[in-house]
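Let me begin by presenting the structure, written as structure tokens, before commenting on it.
The residues of the chain are indexed from 1 along the displayed sequence. Every number for a ligand or one of its atoms is a count from 1 in the order of the listing.
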Amino acid sequence: MYHLDFKSDRPIDLIGVGRLCIDLNADQFNRPMEETKSFTKYVGGSPANITIGAGRLGLKPGFIGKVSDDQMGRFIVNYLENEQIDTANIAVDQTGAVTGLAFTEIKSPEDCSILMYRDNVADLKLSTDDVSEDYIKSAKALHISGTALSASPSREAVFLSLEYARKHDVVVIFDLDYRPYSWNNDKETATYYNLAAEKCDVIIGTRDEFNMMEQFEKEQKNDEETASKWFSHKAEIVVIKHGSKGSYAYTKDGSTYTSGTFKTKVLKTFGAGDSYASAFIYGLFNQWDLSKAMEYGSASAAIVISKHSCSEAMPTSDEIDQFMATATIQS
Ligand SMILES: Nc1ncnc2c1ncn2[C@@H]1O[C@H](COP(=O)(O)OP(=O)(O)OP(=O)(O)O)[C@@H](O)[C@H]1O
Ligand SMILES: O=C(O)C[C@@H](O)[C@H](O)C(=O)CO
């Protein structure tokens, strides 16, 4: 079992920190982007997707981030407000920075990629001045995402958020969300990821993401060794995802949990991690057994990868329940 002390008297359940961008998903799929003529616009950014997903499931979310002072920034804030997400701590950039664009290419259900336009993006201009201690103190949990560590001043804003969270007993969830195009070099990436992970209660990542973080180690760790490394810091739960092969969760008391994946008609694979994380976090808030929380995450992921968007496709709990009632889990 695990113990996460969510302070029940706090008004906000989960504050997301970091990237707010725009997904432009190709309308013509199963072909290279060179042959694409049109895109559909959605709110994107892994932490935004996870926050939206958590809200769809009934949690009360908030967000700490920065958007561009233009139509795209306003589109993002308006969308989050329509999703009942507290946007009071989303700052508006005044330096002329722009909104990051994630062009998605769906060559086939198994061959999807993202072309990122991230020069001078507003989300990485989030600074310590934008981080409110009182706001973080009002939350049960904080969710950070690795890409926000990729540049200053966003990096310092994340570390300050972690300090406030630790000071006020806010549960911290770290979704690794490693996006190589956002970083200068692997050593810098691993350094900041490890420094942040030491302060987190729950760490969620793929095997590859943990391997990146462990590049300074003498030899590559297996999942159990990876998990026990983080239990020597603050972690209570470590989740290691293995794509279509499923996921494993480890708790400090030495227990291991696993979940298979649900059979689904895959349109695109990206969005799996964000939808998995939002539903898994929902399970933690409900103090579910980890196997149940992981299955719920897997079901949410199976729903989202069968649809065109990430954020827009995030399911409600009714949709997940309906899906699980007839779906087949493959271990
Ligand atoms: N092809 C698939 N079919 C069904 N479920 C899948 C598939 N791929 C991933 N999933 C589900 O989504 C979860 C997360 O996927 P994955 O391990 O690829 O994380 P990720 O790399 O962070 O995802 P993303 O592609 O969004 O970055 C898996 O544990 C699994 O439950
Ligand atoms: O997180 C990103 O920058 C890309 C997302 O916007 C996109 O929705 C995705 O890849 C989800 O995992």
Looking only at protein heavy atoms, identify the closest one to atom 6 (C) of ligand 1 and say how far it is in Å.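 Protein heavy atom at minimum distance: Ile305 CD1, 3.8 Å.
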So which heavy atom in the protein is nearest atom 26 (O) of ligand 1, and how far is it from that ligand atom?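 Result: Gly273 N, 2.8 Å.
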Counting heavy atoms only, name the option from Ser275, Gly243, Ser46 that's nearest to atom 17 (O) of ligand 1.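 That would be Gly243.
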Can you figure out which of Ser306, Ser247, Ala301, Ala302 has its heavy atom closest to atom 11 (C) of ligand 1?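 It is Ala301 that holds the nearest heavy atom.
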Between the side chains of Thr95 and Asp93, does any donor sit under 3.5 Å from an acceptor?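 Thr95 vs Asp93: donor-acceptor pair found between side chains.
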Check whether the side chains of Arg19 and Ser154 place a donor and an acceptor atom closer than 3.5 Å, and report yes or no.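 Result is no, nothing qualifies.
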Going by the order shown, which atoms of ligand 1 are within less than 4.0 Å of some heavy atom of [X]?
X      : value
Gly271 : 26 (O)
Thr206 : 19 (O), 20 (P), 21 (O), 22 (O)
Phe262 : 4 (C)
Thr269 : 25 (O)
Ser244 : 1 (N), 2 (C), 7 (C), 8 (N)
Phe270 : 25 (O), 26 (O)
Gly246 : 29 (O)
Ser298 : 31 (O)

Would the Tyr164 and Tyr135 ring centres measure less than 6.0 Å apart?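 No, ring centres 6.0 Å or more apart.
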Please work out which of the three classes, parallel, tilted or perpendicular, describes the rings of Trp230 and His233, given edges at 30° and 60°.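 Ring orientation of His233 relative to Trp230: tilted.
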Can you tell me which residues line ligand 2 if we count any heavy atom under 4.0 angstrom from one of its atoms, in chain and number order?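 Under the 4.0 Å cut-off, ligand 2 touches Arg19, Cys21, Asp23, Gly44, Gly45, Ser46, Asn49, Ile114, Met116, Arg179, Phe270, Gly271, Asp274, Cys310.
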